[in-house]
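Below: the structure, in structure tokens.
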Amino acid sequence: MVMVLLAVLVWCLGWWLNSRLAKGPAAHTRAVQLLVPAVFGVTVVVVWELLVRGLEVSLVILPAPSVIAVRFASSMPILWQDFAQTILKGALGGYVIGCGAAFLTAILVDRSDFLRRGLLPVGNFVAALPIVGTAPILVMWFGFDWHSKAAVVVAMVFFPMLVNTVAGLRETSAMQRDLMQTYAASYWQAFFKLRLPAALPFVFNGLKISTTLALVGAIVAEFFGSPTVGMGFRISTSVGQLALDMVWAEIVVAALAGSAFYGLMALIEKTLTFWHPSQRG
Amino acid sequence: MKHLMTAAALALGTAGAAQAADDVTLQLKWVTQAQFAGYYVAADKGFYEEEDLNVTILPGGPDIAPTQVIAGGGADVTVEWMPAALAAREKGLPLVNIAQPFKSSGMMLTCWKDTGISAPADLANRTLGVWFFGNEFPFMSWMSQLGISTEGKGEEGVEVLKQGFNVDPLLQRQADCISTMTYNEYWQILDAGVGADELITFKYEDQGVATLEDGLYVLEENLDDPEFVDKMERFVRASMKGWKYAEENPDEAAEIVLDNDASGAQTETHQKRMMGEIAKLTAGSNGALNPADYERTVSTLMGGGSDPVITKVPEGAWTHAITDAALK
């Protein structure tokens, strides 16, 4: 009971601190802007720990953060193996192939009206297929190892990337394109100097959406057959063994990897599209 | 229409009786199929009503861990395999076996004969499909008994694949052997057009590594409550009556299962065949757990090589208290 009261107290304290920070005179400095979400995160973790211990919640339902942290620290080699198998091979492989293919296809679609009318609906159809339906089939086609996971990721990221890039390539105005014409620019000159830069915000939008899709696809695809390594494999088998602390350790890895991946893309976007209105201020 | 009327009448009947009867929620290990015929028969034939029970049967599925459901308070009693139950017990979820309607294990490894496999020793240097989710333990223990490593392919090792819940890896020849149950997947392979003479099967039962399947488990703390114990005695008695009825009338039992299959995914031929195979596994059990079978399961699980399922001998993981009272 003491712990539960303590949890309520910590929650109120965190709330009070954050509202003070947000209203305070230094609210617009970089440090405070980083501090506010950090305080929130720490409060959530502390309240979680206190509630789970105070209410004696079974490990099987929800392990305490400290238990997860201990498991995380003691299982580093396994977690790294799983990370390499699922994220580095499956998710990243599929991401590069899927986004690359979608980008090249988008250029083809942009050059040919026939493809735009014919291919985009097919892409739409493929994107609407549920992963639980495609994953077992792709495992059948490409085998149990990471190749089938990469194939699932390709199927998942291809369409969002394609639609965004196609939309981006249509972003320039008729006036701008006319200007390029008066300079006697060839298609590729106009493409690299005018249309690709204008499309970049859209391209990065597609790339950022695809980061999380790739992660989810690679992990979930492992539920449908995998070698005895990988994050999806570990999660599904650990649930069967009721090793929920291991499941949560994998979730932590996935969350960190996903945030880092997304952050990396956002950073590249920022350096490449510094001129765009969305990046000012 | 007639079905609808009977259903409505039944619903009214149970609603009327529900006021007096005690509620019991049973969580199954897997989807509605003849593997659980005894419970459906007991409900359909009114055996539960005779014991003044109102039993709700919750089907499981690939995304449902029965141990987690019972831990969360979603069920009073659950059907589970002993390896998973004992692993859960060691993890701090005190499950207790109160009855064991299944005497024998239906799990086996099914291989292509033309790969040259004729004895367990030939399994080295092959690719094998294994179910995980708590079902891998007997396999690991078997391999460690044979001295075969599961770390990868080689003279002394095998490549282990996490097999989904279908038989495609064998049909596609992605694996030389896969896990099957005598009552389910084995028949799916035959249905796919493979002749029984093209296959060679190793029953875990024959290899001495069989573990107990499909027992009834409850939370230990509930057994301190005399009312709960009384409810379970009646539940086990009625369930075993259902099981013995299903054994003697397999076709009728299969029909009852089909009537209860809300998903409509099961077919009549498949369920009748499954019931026939299930009857072989429940034969010889009156519901009471045989301590010798339990000891064998524990030693199998503890002999799981470098990564045993349970590290210490469990205490109080089963009780005869319920079956002694229920079956006298």
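Note that this is a predicted model, so its numbers are computed, not measured. Order of the sequence lines sets the chain letters (A, B, ...), proteins ahead of strands, with each chain counted from 1. Because only heavy atoms are used, hydrogens play no part in the values below, and waters and symmetry mates are left out as well, while side chains stay in.
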Measure the shortest side-chain to side-chain distance between L244(A) and Q68(B) over non-hydrogen atoms and say whether it is less than 4.5 angstrom. yes
Do any N or O atoms from the side chain of K162(B) and from the backbone of F223(A) form a donor-acceptor pair under 3.5 angstrom? yes
If you count every heavy atom of other residues, nucleotides or ligands that lies below 6.0 Å from E198(B) atom CD, does the total exceed 12? yes
Counting N and O atoms only, with roles assigned by atom type, does the side chain of Q174(B) sit under 3.5 Å from a partner on the main chain of F144(A), one being a donor and the other an acceptor? no
Nearest 0.5 Å please: distance from the CD atom of Q163(B) over to the OG atom of S226(A). 11.5 Å
Pairs meeting criterion salt bridge (Lys or Arg N to Asp or Glu O under 4.0 Å) with involvement of residues 60-78 of chain A, two or more places apart: R71(A)-D245(A)
Minimum heavy-atom distance V239(A)-A65(B), with the two atoms named: CG1-CB, 4.3 Å
Enter the distance from N166(B):CG to M140(A):CE here, rounded to the nearest 0.5 Å. 6.0 Å
What is the distance from atom OG1 of T228(A) to atom CD of E159(B), rounded to the nearest 0.5 Å? 7.0 Å
Applying disulfide bond (SG atoms under 2.5 Å apart) to C99(A) and not counting sequence neighbours gives none
Heavy-atom neighbours of M1(A) CE exceed 12 at 6.0 Å: no
